[in-house]
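First comes the structure, then the notes that go with it.
Predicted, not measured: the structure shown is a model, and the values here were computed from it. In this chain, residues are counted from 1 in sequence order.
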Amino acid sequence: MLIDSHAHLNNERFNEDRADVIARCGRELTALINVGYDLASSRRSIDLAEKYPFIYAAVGVHPHDAKDVPEDYLQQLKEMAAHPKVVAVGEIGLDYYYDLSPRDVQQKVFREQLLLARELKLPFIIHNRDAHGDILQVLQEEAPYPASGVMHCFSGSWEVARECIKLGLYISLAGPVTFANAGKLKDIAVKIPLDRLLVETDCPYLTPVPHRGKRNEPAYVRHVVEHIAQLREMNPKELAHLTAANTITLFHLPIKN
């Protein structure tokens with residue numbers, strides 16, 4: 001089994017050959033989670049999940065778009081989340097690198113969606129860039145999380161990862177773990193407990209070696225698995241199965257593992 005726990009096939013960079021990319025996914029992957037980043041992309045994610053049996057959807061508003069949410073955005077997300085193939089709220093969180101939305105607005109929208117996930121008994125998918133302290137503070141203040149969640153495309157320190165794991169969350173690694181200069185991330189990849197580890201592409205972004213520099217796609221999650229398996233001195237098929245099983249558990253996917 002092989003699952004990409006975080007993809008953006010709803011992104012415009014797939015407009016010209018989306019069907020071909022998805023066909024390759026179907027040959028390579030057991031499943032993938034296609035993740036929304038605003039209301040429109042969340043709807044497109046549901047559309048893809050309706051069309052392809054192995055695709056599941058997440059709905060949410062990314063911190064970049066927090067400043068643009070309408071007053072009824074939580075109600076819209078709640079209605080979308082009622083769809084049987086929506087398995088998570090996300091991606092949500094904080095991004096202090098680009099600061100495309102004011103930080104206080106990011107924090108408000110993040111906390112509101114975190115609470116929505118709890119109300120709906122759904123896991124959440126967290127985006128965190130250069131906001132480790134504030135992310136942890138919000139997570140610790142709003143804990144516990146009966147449906148759990150995942151720190152997607154993890155980029156923080158081992159200390160941050162450890163605190164998230166204490167809260168019962170999963171840690172997902174993407175293409176950057178394959179980069180030559182990612183020493184800290186490689187060390188974290190070895191330390192994460194196997195029952196807390198997910199893998200992803202975050203496509204079309206962050207393409208792993210050996211395709212770095214090209215557009216990313218879900219089938220490339222294989223390279224993330226192979227690299228982590230090498231770091232951990234494991235059989236890649238075993239790691240693929242374990243991370244797939246974790247993804248099935250977190251998102252309650254109707255797949256036998």
Side-chain angles (χ1 to χ4, degrees), residues 5-15 33-48 57-81 86-120 122-143 145 147 149-157 160-161 163-164 167 169-172 174-176 200-206 216:
S5 70
H6 193 112
H8 295 294
L9 290 171
N10 41 4
N11 186 277
E12 61 184 12
R13 291 178 64 184
F14 293 109
N15 284 354
I33 312 299
N34 197 79
V35 182
Y37 42 88
D38 58 17
L39 296 176
S41 66
S42 294
R43 292 191 183 92
R44 294 197 299 274
S45 189
I46 293 173
D47 290 343
L48 285 169
V59 298
V61 177
H62 190 286
H64 288 346
D65 299 283
K67 66 184 184 300
D68 298 318
V69 294
E71 288 187 9
D72 68 340
Y73 87 99
L74 287 171
Q75 182 59 33
Q76 291 191 51
L77 288 175
K78 189 172 184 178
E79 291 170 1
M80 283 187 265
V86 171
V87 297
V89 172
E91 64 187 276
I92 66 177
L94 303 175
D95 192 309
Y96 292 174
Y97 181 81
Y98 287 107
D99 275 328
L100 296 184
S101 291
R103 293 186 179 185
D104 61 331
V105 175
Q106 291 188 47
Q107 292 168 12
K108 176 178 180 291
V109 171
F110 171 39
R111 197 182 294 264
E112 287 174 346
Q113 292 182 96
L114 199 60
L115 296 178
L116 178 66
R118 175 187 293 155
E119 176 189 344
L120 300 177
L122 286 173
F124 49 81
I125 300 168
I126 291 186
H127 171 100
N128 169 27
R129 188 158 187 191
D130 290 358
H132 310 302
D134 283 356
I135 286 275
L136 269 180
Q137 181 177 341
V138 173
L139 287 172
Q140 289 167 342
E141 288 174 357
E142 299 297 345
Y145 302 106
V150 57
M151 303 297 290
H152 119 80
C153 193
F154 189 78
S155 62
S157 65
V160 171
E163 290 304 310
C164 292
L167 291 169
L169 307 185
Y170 292 76
I171 307 295
S172 182
E200 63 172 277
T201 58
D202 198 22
C203 68
Y205 315 107
L206 302 173
N216 202 1

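- A heavy-atom distance below 4.5 Å is not found between the side chains of Asp68 and Asp38.
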Let me see the working for Asn11 and Tyr205 under side-chain contact (heavy atoms from CB on, under 4.5 Å), right down to the final yes or no.
-> CA-CA 10 Å; Asn11 186 277; Tyr205 315 107; 3.0 Å; yes
Under the side-chain contact (heavy atoms from CB on, under 4.5 Å) criterion, do Ile125 and Val89 qualify, and how do the steps go?
-> CA-CA 6 Å; Ile125 300 168; Val89 172; over 6 Å; no
Would you please test Tyr145 and Leu114 for side-chain contact (heavy atoms from CB on, under 4.5 Å) and show each step?
-> CA-CA 9 Å; Tyr145 302 106; Leu114 199 60; 3.6 Å; yes
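- Inter-residue side-chain proximity for Val150 and Ser5 is flagged as unmet; no heavy-atom pair is nearer than 4.5 Å.
- When all heavy atoms of Pro123 and Ala117 are compared, the pair lying nearest together is O-CB, 4.5 Å.
- Atom CG of Leu120 and atom CE of Met80 lie 11.5 Å apart (nearest 0.5 Å).
- For the pair Lys67 and Ser101, the tightest heavy-atom approach, listed with the atom from each and the gap, is N-OG, 3.0 Å.
- The shortest side-chain heavy-atom distance between His8 and Asp202 falls under the 4.5 Å cut-off.
- Between Thr201 and Ala7 the shortest heavy-atom distance is OG1-CB, 4.3 Å.
- A side-chain hydrogen bond (donor to acceptor under 3.5 Å, both in side chains) with Tyr73 holds for exactly one of Glu112, Gln113, Lys78; it is Glu112.
- The two residues Val35 and Ser45 have their closest heavy-atom pair at N-OG, 4.0 Å.
- By the side-chain hydrogen bond (donor to acceptor under 3.5 Å, both in side chains) test, Asn15 is found to be paired with Arg18, residues two or more places apart in sequence or in another chain being considered.
- Distance check, rounded to the nearest 0.5 Å: OH of Tyr97 to CG of Asp130 gives 7.5 Å.
- Residues that satisfy the side-chain hydrogen bond (donor to acceptor under 3.5 Å, both in side chains) test with Asp99, not counting sequence neighbours, are Arg103.
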Should Arg129 and Ser155 be marked as a side-chain contact (heavy atoms from CB on, under 4.5 Å) after you check the CA-CA gap, both sets of side-chain angles, and the distance that decides it?
-> CA-CA 7 Å; Arg129 188 158 187 191; Ser155 62; 5.5 Å; no
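- In this structure, OG in Ser41 is found 9.0 Å from CG in Asn34, a value given to the nearest 0.5 Å.
- Here the rule is side chain to side chain contact (heavy atoms under 4.5 Å, CB included) with Arg111, and of Ile92, Val138, Leu139 only Val138 fits it.
- Within the 4.5 Å cutoff, the side chain of Ile135 has heavy atoms near those of the Met151 side chain.
- Here the two rings, on Tyr98 and His64, have centers that are under 6.0 Å apart.
- Between Leu169 and Phe124, the closest heavy-atom pair is CD2-CZ, 3.7 Å.
- Residues Asp134 and Gln137 meet the side-chain proximity criterion, which asks for heavy atoms closer than 4.5 Å.
- Donor-acceptor pairing under 3.5 Å is recorded for the side chains of His6 and Glu91.
- Of the N and O atoms on the side chains of Gln106 and Asp95, not one donor lies less than 3.5 Å from an acceptor on the other residue.
- Atom CG in Leu94 sits 11.0 Å away from atom NE2 in His132 (nearest 0.5 Å).
- Every residue meeting the side-chain hydrogen bond (donor to acceptor under 3.5 Å, both in side chains) condition with Gln76, not counting sequence neighbours, appears here in chain and number order: Arg43, Asp72.
- Two residues are said to be in side-chain contact when any heavy atoms from C-beta on lie closer than 4.5 Å; Ile46 and Ser42 fail this criterion.
- Heavy-atom neighbours of Glu12 CD from other residues, nucleotides or ligands within 6.0 Å: at or below the threshold of 12.
- Across every non-hydrogen atom of His127 and Pro63, the tightest pair is CD2-CG, 3.8 Å.
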